[in-house]
Amino acid sequence: MTRPPPPHEKGAAAVALVATTAEVLACTELDEDMLAPWERRRLAGIRVPARRDDVVAARLLLRLCASRVTGRPPREVEPAQRCPGCGQDGHGRPYLPDHPGLGAAYSHADGLAAAAVGPGPVGIDVEPLTRRPGPLPVLRRLLPEAEVDAACAEPDPGPALLRSWVRREALFKAGRDDVRLAGWTDHRRAAVVALAGGGAWRGAGPGPALSPAPAPPSGR
Amino acid sequence: MEQVVAWLNEKNPGLDGPIGVDEDLIEARLIDSMDFLEFIDLLEEISGSSIDLQEVTIDDFRTLARVKERFLGSVGLAEVPAG
């Protein structure tokens, strides 16, 4: 495991973590009983057990990210959500009420979880490496034309379209189009990830930090 | 609507019961953001009409009842069984 970060200061780096759901649920720093009652109520509506696990993992990973940025133990982190559309709490964009200068985001998909916390707006998205967005006519209405054209010029457009999609999702979650954006492939976890915003990023280069078994979440 | 239900069941194999017409498809995690791409394409195919993505909100896709009302007409609904 990486060392815990110093207490949050203005200009501190963002922390983004990507892990398999299994890794998160096995992580000894995290426990489902950390989730708040409102989060549990939302979990109760999830019909597919594996997807429930993914959501739990993402919510716990968010706590771990916040812990690494703020220096507070994961159990003391209390993320909230507020919808930018209706303004109501309990759903929508995550945030940390005790740290209004920090942005927070999480993502989950098919056995993967990702989360990010950092200064300013933050967005993150993760998808399995093998997933393919489509159909193309709908995709063209949502993604930048130049990116779709470039992807379609490749022998197999699928991987490029997937990267474009996760970048779009990360920007959407950050709520801004004008923030720093990066994407990478986590080959060990067969995941494509995009991170938007968050100020300076801790860590050098793409890819997860290697760690001893049992495999903790990768760090960036 | 049978095509929509069949598609949802295909996306969620092994569901433990039918999908209620007023069940929140998003909160139940029966569809995710990428699934919306296929969902839109399916609804356009069924309805024969293009969906203006600037004129819809996530709530328009939240339940089978709302999907039918918004995109597929207003014929009365009954709970549909899992495929």
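Reminder, nothing fancy here: chain letters follow the sequence lines and each chain counts from 1. Note that the structure is a prediction, hence the values are computed from the model and not measured.
- The two residues A:L195 and A:A16 have their closest heavy-atom pair at CD2-CB, 3.9 Å.
- Under the rule for a side-chain contact (heavy atoms from CB on, under 4.5 Å), the partners of A:A36 that lie at least two apart in sequence or sit in another chain are A:W38, A:E39.
- Both the backbone and the side chain of B:D41 have a heavy atom closer than 4.5 Å to some heavy atom of chain A.
- Using a 4.5 Å cut-off between heavy atoms, B:D35 contacts chain A through both its backbone and its side chain.
- Separating the CD atom in A:E29 from the CG atom in A:L61 is a distance of 10.5 Å, to the nearest 0.5 Å.
- Side-chain contact between A:P119 and A:H99 is absent, with no heavy atoms from C-beta onward closer than 4.5 Å.
- Here the CG atom belonging to B:L64 is positioned 8.0 Å from the CD atom belonging to B:E23, to the nearest 0.5 angstrom.
- Within the model, atoms CG of A:L60 and CG of A:L17 stand 12.0 Å from one another, a figure rounded to the nearest 0.5 Å.
- Contacts between A:H91 and chain B at a heavy-atom distance below 4.5 Å are absent for every atom of the residue.
- Using modelled atom types and a 3.5 Å distance limit, the side chains of A:D53 and A:T21 yield no donor-acceptor pair.
- With rounding to the nearest 0.5 Å, the separation of NE2 in A:H108 from CG in A:D125 is 10.0 Å.
- When each of B:E44, B:M34, B:R29 is checked for heavy-atom pairs under 4.5 Å with chain A, B:M34 comes out on top.
- For a heavy-atom cut-off of 4.5 Å, chain A lies close to B:S50, B:I51, B:L53 in residues 49-58 of chain B.
- Rounding to the nearest 0.5 angstrom, the gap separating the CH2 atom in A:W165 from the OG atom in B:S33 is 5.0 Å.
- B:L25 CG to B:R66 CZ: the interatomic distance, rounded to the nearest 0.5 Å, is 13.0 Å.
- Looking at A:L136, there are no atoms closer than 4.5 Å to chain B (heavy atoms on both sides), in backbone or side chain.
- For residues 41-52 of chain A, heavy-atom neighbours of chain B at less than 4.5 Å comprise A:R42, A:G45, A:I46, A:R47, A:V48, A:R51, sorted by residue number.
- The side-chain heavy atoms of B:E38 and B:W7, taken from C-beta on, include a pair separated by under 4.5 Å.
- Legend: residues meeting salt bridge (Lys or Arg N to Asp or Glu O under 4.0 Å) with A:E169, ordered by chain and number and at least two apart, are absent.
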